[in-house]
Each structure stands twice: as C-alpha cells, then as structure tokens.
Amino acid sequence: MSQQALLEIRNLSIDFPNRTGIVHAVNDVSWSINPGETLAILGESGSGKSVSASAVLDLVDSPPAVIAGGQILYRGQDLLRASKEERRAINGKKISMIFQDPLAALNPVYPVGWQIAETLRVHGVDKATAHARVIDLLARVGIEEPERRARQYPHQFSGGQRQRIMIASAIALEPDLLIADEPTSALDVTVQAQVLALLKKLQSESGMGMVLITHDLSVVEKVADRVVVMQDGRIVESGTSQQIMTLPQHPYTRKLLDAMPGRHGFDAAQEAAIHGRTLLEVDNVSRIYGIRPGKAAEAGPNAIRAVNEASFVLKSGETLGIVGESGSGKSTLARMLLGLDKPTIGEIRFDGQDLNAMSAAETFKVRRRMQFVFQDPTASLNPRMTISQIIAEPWAIHADVLPRKDWRGRVIELLERVGLKADHIDRYPHQFSGGQRQRVAIARSLALNPEVIVCDEAVSALDVSIQAQVIDLLKQLRGELGLSYIFIAHDLALVRDFATDVVVMYRGRIVEKGKTADVYNNPQNDYTKRLLSASTAHLPTAA
Amino acid sequence: MPSSIRASGTTEMTVPVVASAKPATRTSVARDVVWLLWQDKLAFGSAILLLLVLLCTILGPWLLTDQARAVNLLARNAKPFSLDKGWLFILGADALGRSLLARIIVASQNTMLIAASAVVISTVIGGLLGLVAGYKGGWVSATLLRLADAIMSFPSMLLAVIVLFVFSPGVSNVILVLAVSRIPIFLRTVRAEVLELKERMFVTAALAMGAKTDRILLRHIAPMVMPTVINLAALEMAFVMLVESGLSFLGIGIQPPQVTWGLMVADGRNYLGSAWWLSFWPGLAIMAVTMALNLLSNWLRIVTDPVERWRFQTSAGAK
Amino acid sequence: MGSFIYKRSLQSLLSLIGLIVLVFFLARITGSPVDLYLPQGASQEIRNQFNEQFGFNDPLYIQFGRFIWGLVHLDMGQSLQFSRPATEIVLQAFPTTLMLAAVTMPLVIVIAVVTGSLAAFKPGGIFDRLASFISLLGASTPNFWVAIVGVLVFAVTLRVLPTSGTGTPLHWVLPVAVLALRPAGVLVQVVRTSMLTALSSAYIKTARAKGVGSRAIVFVHALRNGLLPVITVASDQTAGIVNGAVIVETVFGFPGIGKLMIDSVMQRDFAVIQAAVLVTALAVFIINILVDITYAIVDPRIRYN
Amino acid sequence: QTKNSVTIVLPAGPDRLDPCETPRSVIGRIIKQNVVETLVELDYGNGKILPRLAESWEQPSPNEWVFKLRKGVKFHDGAPFDAKSVVYSVERTNDPKLTCIARTKYLDGTSIVASVIDDNTVKFTTKTPVPILPTLLAQLAISSPNTPKGEYTNKPVGTGPYRFEGWAQGASVVIVRDDSYWGAKPAIEKATYVWRGESSVAAAMVETGEADLAFSIAPQDATNKATDKVYPNSDTSMFRLSVDVPPLNDARVRKAINLAIDRNAFLGSVISSEAQLAMQQVGPSVLGFNPKLKPWPYDPTQAKKLLAEAKADGVDVTREIRMVGRAGMFANSNEFVEAAAEMLRQIGLNIKLDNLEMSQWLQVANKPFAADRQPNIFLTMHDNNSGDAAFTAFFKYHSNGRQSELHDPELDALIDKAGTEQGDKRVADYQEVFRRIYEDKVADVPLFHMVNFMRVGKRIDFSPTIANAVELQLASLKLK
Ligand SMILES: Nc1ncnc2c1ncn2[C@@H]1O[C@H](COP(=O)(O)OP(=O)(O)OP(=O)(O)O)[C@@H](O)[C@H]1O
Ligand SMILES: Nc1ncnc2c1ncn2[C@@H]1O[C@H](COP(=O)(O)OP(=O)(O)OP(=O)(O)O)[C@@H](O)[C@H]1O
Ligand SMILES: [Mg+2]
Ligand SMILES: [Mg+2]
C-alpha cells in the first residue's frame, strides 16, 4: 500500500477551445501525493492551479473545457474513466475541496449549518449525528456561537468566516485527500494558524493527504512536505519544501521567493513622504446589525456590533493598514468609509464634511476622490461587461475625466501597470483566474486618479511576485501623486512593508493604533501581541 | 484548424480576442450575428421563419387584400391540398369561400402589429417600472406594486370587454388594452430579480464609483434581467395573440374586414367538426411564430451571456 | 412578518378601494342597461319607471354616493339580471372558479417544475427539446380551440369523458386540462430558463464536490435559487386563470365567476361586476401577499422590514 | 339517467324564473305550459287561440271580456285555481315595481283590469277596445296567489303538469311531473335543463346521450339527418336602411342594395337551406302576412345601373355607409354580414362593417337616432311569436314606432286603422301595410325567415314546430 500514491496525476492537459483558437490552461502536468503528505502547488496567478485541481473532482465544465489527455489516479483507479456514480461516491467523502471564492461557493439560500451537514448526509450520516458534527466543526474552525450561527445564511458572514465554513464542510467526513484552493487567504494569522493546526491534526490522525494551492510562501514553508511550482499551465519545478525554499532552481521560483514580503526593513522614506492634511476622520463609529434603523438603544441579544466605537484619522499620503481578526468588522468599516453602509452611531468625515450629511452632488464628488478594491474580486465585476468596459466605467460616470477616444489606450495602459496584457481587454471576467480578476479591480480603482483607495484584501488572491508588483505600483503612485490608502489585509508582513500606520481590530473594536514600526516592534495590546507572534513572517529587526 | 494558443499569466499570455467585441464595423457585426445564428440551427430556422412572417406583414396586405376578401360561397369550406381553384386555395377556403392562405398572409400584419406593439409597450413600461420598484423600495415600490396588483386583479378579458365596449374595438384599442393588462407581469418579474441583483457586489461597486441610479439600473441590472424578460416577452407574444383570439371568441375582438389569426381561429371553431382547416392553419401560424420567437429568445439568452456564449463560439460547443 | 402583513393589507385595502371606484365609473360609461332589460318596443313611460326604480336617473355622483354608502354596510347592491343581492350571486359562482384554480394551479406547478428542471439539466438534449416543444405548443394554442377539440375527441369520438357539465370528477378532467395547458406551457419555459442560470452558479460546483447527487443538485440546490421568477409568473398565471375560466366555463357550462363577469358586463349588471371584481381582486391581493412572503422564505437575502 | 327523465340543452341559462317573464324564451322554454299555464293558448302554426285554463270566453262589449275558468284545478302549493288567483296574477304582472315582460311588451297601454265575477268567472276591462285581448292573455301565465307581490320569484308555482323542483345557479333547472295535474298525464317524469353556449358542445351532448334534446344548434353542427330537425323560429332577419340619410334617401340606391344581395347563395351555406326568403318583417304564421309579395332577384348589373343613374343625378353613392351587425345575432351572423358587405362593395358601394355588442347595437336600433349619423345598413332580427302583426307594424314602421325609420302619414294612418280591426279586414289592412313598405317605399332589405335546428336524441320521439321558438311543452315529448 505505502508505495501506491494516494493520488497521482499523469500528463494531464486541459484546453479551453475558443472560436479562434485553443487555450491550453493545463499542459502535461504530473504530480502525486502520498497519504499523510502535504503537497503545495505554487504558481503564477492564472497558471492552471485551480483548473487542474478541479479536474480531480470532475468539476471542470466540459464543454467548454476539454480534458485533452492524461490520467488522474486515485489509489490506482483512473478517475477520468470512472462513472459519474463512482465519482460522486468519492467526491466529498474520499476527496474533498475547499474553493478559492467562498462567497460564490456557498449556496445563498440555505443556512450554512445545513450546507455543512449536507456533505455528511449525502454520504449516509443520519440527521442528528450530522447536526452535532456540524456544531463541533464550526467550533473547531473558530466560529463563535456555532449553534446560532449554523442557522444563519452565507451573506451574514464575513469573508474569512465563509472560508472557514467551506473548510468545515470539506473536512466534515475526514477525507483521504483534501484539495485546498487558497484556504487561508482571507484569514488573519491567528485564525490561519488555528486552521492550519486543525488540518495538520487531521492529517496526523487519519493520514489525510493535502494538496494546498496557495500564494502564501510562509504557509508553504510551515506546512508543505513537497512543492510543485506552476507557470503557464506547466510544472516548472518540483521538490521537497526544504529544497524549493532554500535552493530554488527555476528563475520563476527564484523570483517568487525574492518577492516574499517582510524581508525588508521599514521604509523610512515612506514616513518622510507624509506631510498631508487630514483627509478622512472616523469619529466614534459603530455599526450594529439586527436592529431597526435609528433604534441603537434597543439593541437586543441578537444585535451584532460589527464595528464598535471606532475612531481614527487618515492624512493624505498616509497608508493606514487595518489588521485584525477575521470577522472583526474591517470590511464593514470599509463599506461605511465608502458610504455604502451608514454608521448606526458616529460620524465619518471626508475633508471635514460628514459623509452621511452630504448632498447627492457632494457625495458624487467625493466618490471620484475615493476609490476601492473589494475583498471578493469575482463578485465585484459585472459578468456581462468586458474588461475594457469595466475599467472604463469610472470615466463613463465622471464624464469630464477623460474623452471617450482616449479610453481604450488608457485601459491598456492600466492593464499593463497591474501586470495584465492588452490582449485581455475584450475578455469577460469569468475567463480569468482569481488573481487576474483582482488585478482588473485594482486597475479600475486607479482609473480616476483618486486621492484615497480603500483596499479590502486587495492583493490576497495574488501570487507574491504579482503582489509585489502591485504593491510597488501602489507605492509608486503614493510617491508620485500623494495617494493615501486604507489597506485591509491579513498578511502582517505585507502590511509591514506597505503601511505607514496600522490599526488593529478585535471584535469590532480598535484595540491598537500607531505608526507601523511602533506597533510591530512594541505592541501594547494582548491581541496584537498574539497576532504578531502567530505571524509566520520572519521579522528582521528594524533598520 | 484553429490555431493553438498557450495560456499563461502575466508574461506571455496571448488569448484570442473575441471577434464580435472588436471595435466593429456594421457589416462585421451583421456577419457575426448570422454566424452565431448558424451555430444554432433551430434558431437559424426560426429567424428565417420570422423574416418570412415579417415579409408577409409588409407585403401581404398590399398584394393579397383583394384575394383575401373575395367571397365565393360556392367554394365554402373548400378542402385543403387541392389545386383545382388555384394555388391560393392550397390551404382550403373558409366559410365564405375565401382563400385561407391569402387570409393568413394578410392577417399577419394585424396579428403581428397587435402582438408586437402590445408586448413591446408592456415590456418597456413594465420593465422600467419593475426596475424602479425593485431598486427603490419604499413607497415608490409599494405604490407601483399595488397599482400592478390592481391591474392584475382585473382579469384581462374583463378589462378588454369593458374598454372595448366604451371605445370601438379597433386595432389600437385592442393593443392598448392588452398592453396595459400585461404590464404587471413584467413589473413583478423584473422587480423580483432586481431585489436579488441589487445586492450583488458589482452593483455596490458601481455605486461606490458614483454611478447614478439610471446607470446602475440600465447598465448593470437591466442586462442581467434581460434574458428573463426577453424569454417572457416571447411567451407573452403568444398570450397576446391568444387573448385577442379569445376576444374574438366572445365576439368583441378585431372587426371584419380586418382580420387576425386569432379572429380566424375563433371563427373557424364553429366548423371544428366539419372543416378543421379553418381554424387549424391560423392556429398553426400562431404556434409557429411562438415557437420561433422562443427558440430565438433562448438563442439570444445564450449569446448575450458571456458565460454561456462559448456554446456557439468553441469548436467543442458544436458537439 | 406580522407587521409586514399588516402594512401590506392596509396598502392593498387602499388600492382595492381605488379599483372598485374605477370599476364603478368604467362600468357605467359602457352604457345604460335600460334597453337590455326591457322589450325593444317598451314605451318611454316604462323606461322612465325602470330608470327611476334603479336610480339610473340620478346624476352619477349620487349613484356613486349610494354605492359607497352600501359598500360601507357591506351591501354591493341588487343584481339587475337576477334580482338578487349581487354578493350572493358572486359568492355562489366564486367557489367553482376557485376550485378550478385550486385543482389546476398545483398541478401546473408540479408539472412545470419537474419538467422544466429536468429539461434544464441537459439543455439541448432529447428531453429538453421535447419538453420545450410540447410546452410551447401548450402556451400557444387557443384554449377554446383545445376545449372544443377535446370535447369532440374525448367525449364524442372516444367516449371516455363526459362532454361538459359538473358532477363527477371525470367532468373536471377536460376543463382542468384546458385550463392548465397555457400556464403549464409558460411555466415550463420559465422554470427551464431560470434553472439554467442557477445551474451555472459556483455553488453548484461545491455541491458536486460534496458528492451531492444530480437529482438533489437540481431540485435542492438550483431549484430554490431559480424559484423567484417562477413564483412571480405562477402567481400571475393564477390570477389570470379567471381569463381561461371565462372560456372553460362557457364551453363546459361551469357555473363560475369568469363567465359571470363577462355576462354581467354584457348585461350591464353593474352591481355584479363590482362585486365580482371585488372578490377576484381580494383573491389576487391575497395571492400577492403570499407571494411576497414566499419570496422572503425562498431567498433569505430578501427581507421585508 | 332513469328511463322517464330527460335532459334538455338550452343555448342560454335563465336569469330568473318568474311566471310573469314567460314570454322571454330563456324562461318560457322551461316553465311555460310546463310549470305555469296561461288562460288561453296560442296555436303558433295558424294564430288560433285555444282554451287552456279558461274553457271559454266572450266579449260582451268592446272594452270587456269575460272568461270562464276550468274547475277543480289546483296550484302545486295546494291553493285553488279560481277567479281570485287570476286577478292576483294580473295585478302582480301589472305591478310597476316589476319589469315583467308580459306587462312591458304585451299589456302596456291596455290598462287592463281583472275582476272577479264568481269563483270561476273573470272579467277583463280595458280602457280602449283591444280586439286581440285573448292573444295577449296567451302571454300571461297564472301563478299561485302565494307568489309574493312586488318582487320576482325564482320558485314558480303554477298549475302545470310539472312542478318546479330546483335551480342550481349557472348549472341546471329541474322540474318534475306533478301527478295531481288536471289534464292528461305526460310521459316524461322529470326534466333537467342545462345550457351550453357552444353549439358544437350542445350537439355533442345529445350525440353522446348525455342529453336528449338540444334546443338550437348551428347549421354546420346539424350533420345528422336522423336526429337534427329544423323548425322555423319565428325570427325574420332584415337590413333596416336609414332612409333619411343620403345616399340611402334615394330609392334607387335602396333598390340597388336589394338587387345586389344574393340571398339564394346564402341558403345552404351560411344560412340553413331550410330558411325562407323574406319579403316582410313577419312570418307566414302571423296574422297580416302578405303572401303575394315577390322576392327581389339577384341582379348586380341592374344594381350598378341604378347606382349610376343615381350618381348622374348628383347622389353621392360613394359615401361611406356603415353596415351594423351584432355578434351572435344568429348562427353565422358574422359571416353573413361579412359576405353581404362584400356583395355591396361589388356594386361599388363604400361599406364599413361594424359588429356591435347588444347594448351598443340597441343604441343604434332605437330612437332617438343620432343626429349626425352615417347612412346605416342595420341588421335586425325581429321575432313576432304572438301571432299578430300589431306587435310589428307599429314599432317598426309607424312614425312613432321606436325602431322606425319611416314617417309616412298614409302608412301611419293605415297602421293605426289595422290595429282596431278584427278578422279579415285586419288581415287585409296589415297585408297592405307590408306591401306598401316593400314595394312602394323599399324601406328595407328583407332577408330570411329563419329556422333553428333542434337535435333530438334517439330515445325521444318529437318533431319541433314554430311553437318551440318560445316554449317546449314536455307533454308533447314521447319516449320511444
Ligand atoms: N472559461 C474559460 N475560458 C477561457 N479561459 C479560461 C476559462 N477559465 C479559465 N481560463 C484560463 O485558464 C487559466 C488557468 O486558470 P486557473 O483558474 O486554473 O488559474 P489559477 O492558477 O488558479 O490562478 P489564481 O491563482 O489566480 O487563482 C487562466 O489563464 C484562465 O484565464
Ligand atoms: N448582513 C449581516 N447580518 C448580520 N451580521 C453580519 C452581516 N454582515 C456582516 N455581519 C457580521 O459582522 C461582523 C463583521 O463582518 P466584516 O465582514 O466586517 O468582517 P471582516 O473584519 O471584514 O472579516 P474578514 O477578515 O473575515 O473579511 C461579522 O461577525 C459578520 O458575521
Ligand atoms: Mg485559482
Ligand atoms: Mg472582510
């Protein structure tokens, strides 16, 4: 038994035939994994990681995709030859998957508890046992009050919480093999550590094999036994984790490792650049869910204080990193900053003016000066618009910015700045990988030359080399134009690289704020300390 | 053979650009549409049929009105598939010995005029109001919806009867009545979809960019509801033709010598036992048009949805 | 939920009143009933007497006032045709139509949901083609035509069903089939379309990854997401069943409210028109409230506060 | 279905079942002479008056009539049939609170008063002489004195061979044999009346045995010679012309219209082949019918010539003329007007066709006519089933007639005179009235004396007559 691999992929090729040609998304890819082992798949965004992993579970839509060749052997059985029924029995029970995009992957009309229990029930677990197991699983992935939250619907959860629900569902039956596509990209480091520990524990208990698709090299370093690196739909390098991390052979791998954030010191120049006036003031803001508007006082037991008495200030040229626990209200805060949600209590001022007391015309002006990149790239792009239409939309809205004839040229320029190609201009969002979509969203946010960009997990779906490229771009713009950022992220190393100031959130409250270097070097709050110590980033001493 | 192109990330990705999305000239768009139609043979056939009907509506009355009106009681209920009386009588003759073929061709104008105008009016008005009702909520929505309820609770037959009693049962009044009574279905359908769509992140994104309501509704939400609306509209075409027929059944529809397929079916029903062809052919015409419109609307739904469009654009789609 | 229903009912009441007022005036501009109820040669004196007796001599606003006054006392007036209270006539006819709808619509919905979903599961397949063809056939055939052909085929030629009338369950077969035809045809199409959309969503992949069977994927995961337009159209078809009922009741001699309505317009029997519209409107408003509640149940993202 | 019960399909259902409404055929066909009886009965075939509840009658003075009643007759509720009950019925019918058609159509203007002479003798007094009083009384059903006054009843109680059993609104009416009937005991025990608007369904019901008798079916559904029987329905169809409005004020144009309509072509196609060409408003069974009038030939050439002549005299023959029909006036009436309009277009007239609904049609039919109306070719169908031309002549042709287009003083005088005559003189005068209208005035375009088809099931032995236009005496049905 032991010499037989748990799963072996041999010479797999997957094509997307197009009217004018064929896109070889996966090209002659081979790898294998043994029980109890963790295989990390690293690679460029759009290099075919998700597509090849989906093929294992029979999830590539064919058509349009065509599996052009190869074998997928699960314990020696070729899954590509197995009947639908056989694969169904394997799916979820023997092999399970965590998807990259947790909002879209959860059915919006069923309670999350039901969705986790479903995995159990379709494979023969009775209802009562399943329920008990669901509660247990939710607790294990760190969802508080699991009994109550099991009855809630996906839209009532934060990005990280949804990801954990996906994880709970995937490990419900303790599968032989877990394929995890970016399982921790939306999790803060403490939760990430908790989840990874959970997965490790499962592995040691049941000999589960785990394929981990990720951009986060620190995660790879921490949990992977072996690594394969993909580029252009091909495997360019493979080896043990140790080998790859220390002695990378392929130029791309080397580039990746170089780009890993947190390896440089705090950027003194950053601080020098700040001399700005106050742009945004958040003044004692709370957002309470589950009560009637204007009835803050009567907040009952079901009320959720997503943001609780938060205050901070953003000056022009500053980059304010917001870090914190998953579900601590970061996205909610971002939504309020953008005027998409109203504070239940408190005031947010832009340039001295209360956002929620502005006239429509004033709001319109502010919107031009403040842009955003959302946590969920797939959902924030209109599926029926081409990339050029999406990026040009701000100009269509703010008519005086750019004459129509210049749009196309400028779109191409922006695409290239975020590392996409001019060719992509007439594609639709679904034709991109997760990371590519995120870059489209970033390009769009730059279209209006705003003064502030609110980035909610803007780069978490990008591989480190692209991430570095984008961060460099953002930094460059900050330098050139005095742009300010609100930068919400889980990657403490990245925040450390990029932010001038940091705010730490915990359960809706701001527990600590200050200059990046101060907070990182000298954390005051307990939670901040925990967060930093859980961070797997190597933090060299300040320069 | 299609050329092979390699997928990749940043560096060397060269993905083919969809031809229809190029800054296109008029002819290339037309060629593209025909090409896309050709990919779906049923839709292609439907398009041909509808073109034919269109031709009939334009030329029919001009060419055949006299033949369609010429009464010949000797040829009363003449059987179909006989060329004795000339090719015009290939489908047989009606109770007054008029050529059924000529009448069907001539009737296509009024039939299509009534059905298309009524459906277009109710689709546009109902659709726009539905967008507003779904997006705005509050009292605007409540008012619109209760108005729709009120129209809905007035059975369209009854409304038609009353209005056609007050005004004369001419083509424009029939259109008006049918259009008004079909507004609620579009309003409610669109509203229901909008309720869900407006919560989507890309709508939020547009909002955050400063997009005004009209832009959000027309650029972001409307294209998403379009497939449902077009599909419904295609079905409504049939419904309108049938209600119009029902009105003729009750004796208050279009008045002769004006003629519609619905009127022909209604008149022919008296002869179902003895001369089935009187109501069969016009009924078949209604059915064929309905079928064609629906097949075409299904095609359109796929073509307008980038996620589905591959069905016609890839070599695999043909399989 | 309670407050939602309360608010909705209040709104509905308002538009119900508006509707009734509209019907009052609309009905009256269709012309005077006097000639319809008297022999053609009736003398002026008799005509005056008639108008006097039923108040048609009074100016419209006085008639309206009388109508409102009656309405407040739950009195919808006397039927000219039947010389009995209009409410009584309408309430006698309504149950038949209600029964027709209550038998037809559930049948239609079940047929449509099953057929439409299965068709959407394999678009372009044999079943899809066949289902689409038959459903479009149903949606585009005039119901009176089907009714008469149905009688000729099933009752006269095959002798398996009675021609018309009420009584045994067999008597209901043809009317229900005729009435169901169009709504079923339309709904199959609507279900199919919205299921196609739902089935291409990402969460369907998740379900497949979990090993959920195809039946559950269609009927549990996709269906509920695709249900909103289906509910809307189904409710419209339910309200519209009165239209079909006019024909069915005429052909099959069912004593329902559809034919009654049309007849009373023909007969300028204003009180009955008003009472009938009130009753159908009430039914439609209730249906629509239920529909809105169903929306919220089906899709948790829709909440009415 | 038990052996002795029958099911009868009517074209339309009743709205009420009041005895005073029996002249309306929707009601009369069910209850007249079955549930409620009249004092005298009209022999529809020849206009003779026969005794029924009255055994004999005499006219002691021009304004008085005395009727002797049958003895020993009882109403179904047990009340005795006597002079008092007759008086009660007359009073009830004359109540202005009810729009009883027996009053509004027949008794109106007679100021008829009934009084008791003795238990079995009634005297009727009128203000002016009414020579046809027995004919009028043939329309007056006698109902039980327990029938409430001042309101309609839906539970008729009479003296007839059948008792009213029940009425399911919109569905059916049932009557059953009353074994205490004074006359001969009919064969049928129970009759169920149902109604179907669709002729084909009604015909199918008899064919499948669900019903025994379908009252009237369309000619195209009458495909079975064995069961489908034709009977004159006392209706006469006609185009009324607006003789005052140009170009119809020109007699040549009116003649041209008469010549242009190929009446014979309709017979056997759109109209039943059994229908008769009409030359006047009343049928052969009506007193006053003129048998000497000759039908118009079909001669479009002559018609065109007449039009050309008129045109030469400055008549605007191309003015749009409105042809008004009514949906469902008779079977295939829509087709009929379409074809007729087409025939008139053939001779060069400019015809616009309008099929109106009943109420709108009445608006055009009745005076006052709209001042600025278009020239009208107006399709009417008149039924005179009372057996006397008086009910037609005045109303259709007298200057004061409600539906009259004419205002000819000589004709008026003639009509007035004929109304007061009796016997042969009355006949001769009315015949002259119709001749004058037809030949001298060319006032309208008489079309057909219409027929109905009745489908009689195999169990029943029955041949319909003109009487069945308004009633169906179940006693005349025999079981095979
Ligand atoms: N429907 C489609 N049509 C055409 N190309 C597609 C389609 N779906 C995916 N692709 C292409 O296939 C390639 C592989 O995509 P995949 O999702 O596997 O990338 P990935 O490695 O998971 O990237 P990321 O890390 O950004 O998620 C990409 O270049 C993408 O553009
Ligand atoms: N519509 C809603 N109804 C009820 N609770 C909600 C709703 N939306 C969000 N919440 C809750 O509010 C809290 C804050 O959510 P938010 O999305 O701001 O978290 P976050 O800090 O962005 O987390 P993450 O890092 O995981 O994205 C969470 O506990 C979430 O469950
Ligand atoms: Mg991916
Ligand atoms: Mg978030």
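Quantities reported herein were computed from a predicted structural model and do not represent experimental measurements. A, B, ... follow the sequence lines: proteins, then strands. Residue 1 opens every chain.
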Is C:Ile126 atom CD1 crowded by more than 12 heavy atoms from other residues, nucleotides or ligands, each under 6.0 Å away?
no
Go through A:Ile98, A:Leu59, A:Ile179 and name the one with the most non-hydrogen pairs under 4.5 angstrom from chain C.
A:Leu59
With only heavy atoms counted, which part of C:Val298 is less than 4.5 Å from chain A, the side chain, the backbone, both or neither?
backbone
Spatial distance of atom OG (C:Ser214) from atom CZ (A:Arg88) [nearest 0.5 Å]:
7.0 Å
So do the side chains of C:His221 and A:Val109 get within less than 4.5 Å of each other, counting heavy atoms only?
no
State, with a plain yes or no, whether a side-chain heavy atom of A:Ser96 is found less than 4.5 Å away from one of C:Lys210.
no
Is C:Asn225 close to A:Asn107 at the side-chain level, that is, under 4.5 Å between some pair of heavy atoms?
yes
Quick one: of C:Ser201, C:Ala209, C:Gly213, C:Ala207, who has the most non-hydrogen atom pairs under 4.5 Å with chain A?
C:Ala209
Given the rule in the side-chain contact (heavy atoms from CB on, under 4.5 Å) test, do C:Tyr203 and A:Gln115 qualify, once you have shown the distances and angles that lead to the verdict?
CA-CA 10 Å; C:Tyr203 51 80; A:Gln115 298 192 49; 5.8 Å; no
Report the C-alpha separation of C:Val220 and A:Trp114 in whole Å, then their side-chain angles, then the decisive distance to 0.1 Å, and conclude whether the side-chain contact (heavy atoms from CB on, under 4.5 Å) test is met.
CA-CA 12 Å; C:Val220 177; A:Trp114 182 94; 3.4 Å; yes
Decide side-chain contact (heavy atoms from CB on, under 4.5 Å) for C:Val212 and A:Glu118; before the verdict, give the C-alpha distance in whole Å, the side-chain angles of both, and the deciding distance to 0.1 Å.
CA-CA 8 Å; C:Val212 178; A:Glu118 191 188 25; 3.6 Å; yes
Looking at A:Met166, A:Glu85, A:His155, which has the largest count of heavy-atom pairs under 4.5 Å with chain C?
A:His155
At a heavy-atom distance under 4.5 Å, which candidate from A:Pro108, A:Ser54, A:Gly92 has the highest pair count against chain C?
A:Pro108
Kindly say whether C:Arg224 contributes a backbone atom to a donor-acceptor pair with the side chain of A:Tyr110 at under 3.5 angstrom?
no
